[in-house]
2 protein chains.
Amino acid sequence: MTGSTAPKWRRRKEARPGDITAAALQVFAEKGFATARMEEIARRAGVSKGTLYLYFETKEDVFRAVVQEAVVPNIEALRGGVLALDLPFADIVRLFLPRFAQIATDLPVGAVAKMVIGESRNFPELAKVWHDHVVSHAIAMLTALIERGQQRGEVRSGDPRLHAFSLMGPMMLGVIWRETLMPVGGAPVDLAELARQHCETVLNGLVVDGGKP
Amino acid sequence: MTGSTAPKWRRRKEARPGDITAAALQVFAEKGFATARMEEIARRAGVSKGTLYLYFETKEDVFRAVVQEAVVPNIEALRGGVLALDLPFADIVRLFLPRFAQIATDLPVGAVAKMVIGESRNFPELAKVWHDHVVSHAIAMLTALIERGQQRGEVRSGDPRLHAFSLMGPMMLGVIWRETLMPVGGAPVDLAELARQHCETVLNGLVVDGGKP
DNA sequence: AATTAATAACTGACCGGTCATTTATTTACA
DNA sequence: TGTAAATAAATGACCGGTCAGTTATTAATT
């Protein structure tokens with residue numbers, strides 16, 4: 001036998017919820033809600049299944065906690081000063097897109113996005129949380145930025161919200177590509193490089209010699 | 001009683017597979033693979049659960065059939081002459097994006113995409129089918145188009161694949177927005193309008209007075 | 001009557017959630 | 001300070017419901 005001090009488990013009341021949601025994020029991101037097994041979440045959290053239910057009421061409850069927890073840092077990440085700066089529109093974009101690429105690389109934005117997309121019918125409330133707490137803020141910020149640019153004569157006319165799609169769409173596609181297609185043989189996408197190139201493309205145009213007056 | 005001639009069911013060997021995949025597309029799109037119930041697919045196809053198993057081996061088999069069936073028309077729709085034309089790059093883009101918007105509005109591209117994204121870990125083969133039969137073709141086509149444009153001096157330099165992301169990203173974001181965020185209160189997105197505006201934006205640049213030499 | 005499409009009752013595996021029990025840690029008191 | 005009683009954390013066997021898939025039977029068609 002090993003020495004007398006070999007406890008089967010430890011009391012870690014404070015650490016458990018974090019362990020569990022971290023493990024759950026992994027499992028939900030891999031399997032989706034319905035296919036994720038509580039037993040596996042427990043296993044990865046280094047805990048028994050019963051313990052899960054000491055800290056969370058139901059599986060849905062765990063799912064909610066995971067999304068909520070993953071949402072907060074995204075909001076914080078977005079605040080980051082960049083947009084308060086009174087720089088020219090183009091310069092702000094050149095700061096913002098690479099920053100987004102960074103965030104998407106560091107935080108599990110992709111995993112959460114996939115989860116929200118995949119389970120949006122079954123958990124509309126979560127899609128709503130994501131929309132209300134993250135997406136709508138981001139869109140509002142971008143449209144404000146674009147409108148200011150338009151007023152200054154820096155940015156071409158057009159619906160600011162659709163312009164925001166032009167800005168962010170390629171980045172989101174890159175994120176989803178990474179999550180979905182890369183694991184099955186899709187060519188890798190370098191988000192940072194995509195951000196850089198897309199900046200110049202969307203700011204200056206894909207066409208060298210503009211086809212318009 | 002109704003008249004003596006009121007058969008409880010009819011033999012429709014040829015029509016069944018189509019009925020079933022059509023019903024299954026609905027259910028899978030609404031629920032995702034794991035949460036979709038074979039019984040409900042059967043009900044919507046106007047058939048008993050047992051009948052499902054006369055035409056398909058397993059649930060996965062049904063899923064595969066649905067994706068394949070929903071995928072093929074998309075490929076065909078893409079081929080449609082547009083790209084063979086020897087028009088200037090900008091003109092082809094102005095034909096292609098609205099056409100994509102049309103297809104995405106008419107066919108359940110969004111639903112299938114959501115399905116593929118949501119179930120990609122559990123069914124990598126499906127993501128692979130989607131990648132190999134749809135996405136890689138589309139990318140190949142676009143990169144070829146872009147490369148030709150670059151050789152002709154019409155299109156700015158840069159990785160053609162990333163340029164393709166710049167072109168298609170906003171459209172894909174629009175499609176996903178419709179599927180995921182609109183049902184929970186997200187503002188509507190007019191895909192056709194998005195296509196039109198994004199064309200000019202991405203071709204000519206968001207910035208009125210290009211910030212580069 | 002023979003054939004076979006279709007049904008509906010059935011089965012068995014699986015999994016979310018519970019709870020009686022075990023074990024670590026803390027506290028009371030000598 | 002040492003020790004035993006009290007408490008709180010954690011476990012894992014188990015239960016009940018659900019559902020993919022099977023099969024014995026029925027009914028339409030030829």
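Convention: sequence-line order gives letters A, B, ...; per-chain numbering from 1.
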>> Does anything in residues 181-192 of chain B form a salt bridge (Lys or Arg N to Asp or Glu O under 4.0 Å)? List the pairs, not counting sequence neighbours.
In response: none
>> Please tell me if T51(A) has a side-chain N or O lying less than 4.0 Å from either OP1 or OP2 of dT11(D).
In response: yes
>> Under a plain distance cut-off of 3.5 Å, with no hydrogens placed, do H198(A) and S166(B) share a side-chain donor-acceptor pair?
In response: yes
>> Whether K128(A) and E125(A) form a salt bridge (side-chain N of Lys/Arg under 4.0 Å from carboxylate O of Asp/Glu) is what I want to check.
In response: no
>> Would you call the rings of F28(A) and F33(A) parallel, tilted or perpendicular, taking 30° and 60° as the class edges?
In response: parallel
> Should we say atom CD of E60(A) is surrounded by more than 12 heavy atoms from elsewhere, each under 6.0 Å from it?
Replying inline: yes
> Can you list, by residue number, the residues of residues 27-46 of chain A that have a non-hydrogen atom closer than 4.0 angstrom to DNA chain D?
Replying inline: none
>> Contact list please: residues 53-61 of chain A against DNA chain D, heavy atoms, distance less than 4.0 Å, in numerical order.
In response: L54(A), Y55(A)
>> Check this for me: does the side-chain of K49(B) come within 3.5 Å of the base of dA8(C) through a donor and an acceptor?
In response: no
>> Please report the distance, rounded to the nearest Å, between CZ in R16(A) and P in dA8(D).
In response: 17 Å
>> With a sphere of 6.0 Å drawn around CD of E147(B), does it hold more than 12 non-hydrogen atoms of other residues, nucleotides or ligands?
In response: yes
> Should K114(A) and E119(B) count as an ion pair when the cut-off is N to O under 4.0 Å?
Replying inline: no
>> Assess whether a salt bridge exists between R44(B) and E40(B), defined as any Lys/Arg side-chain N lying under 4.0 Å from an Asp/Glu carboxylate O.
In response: yes
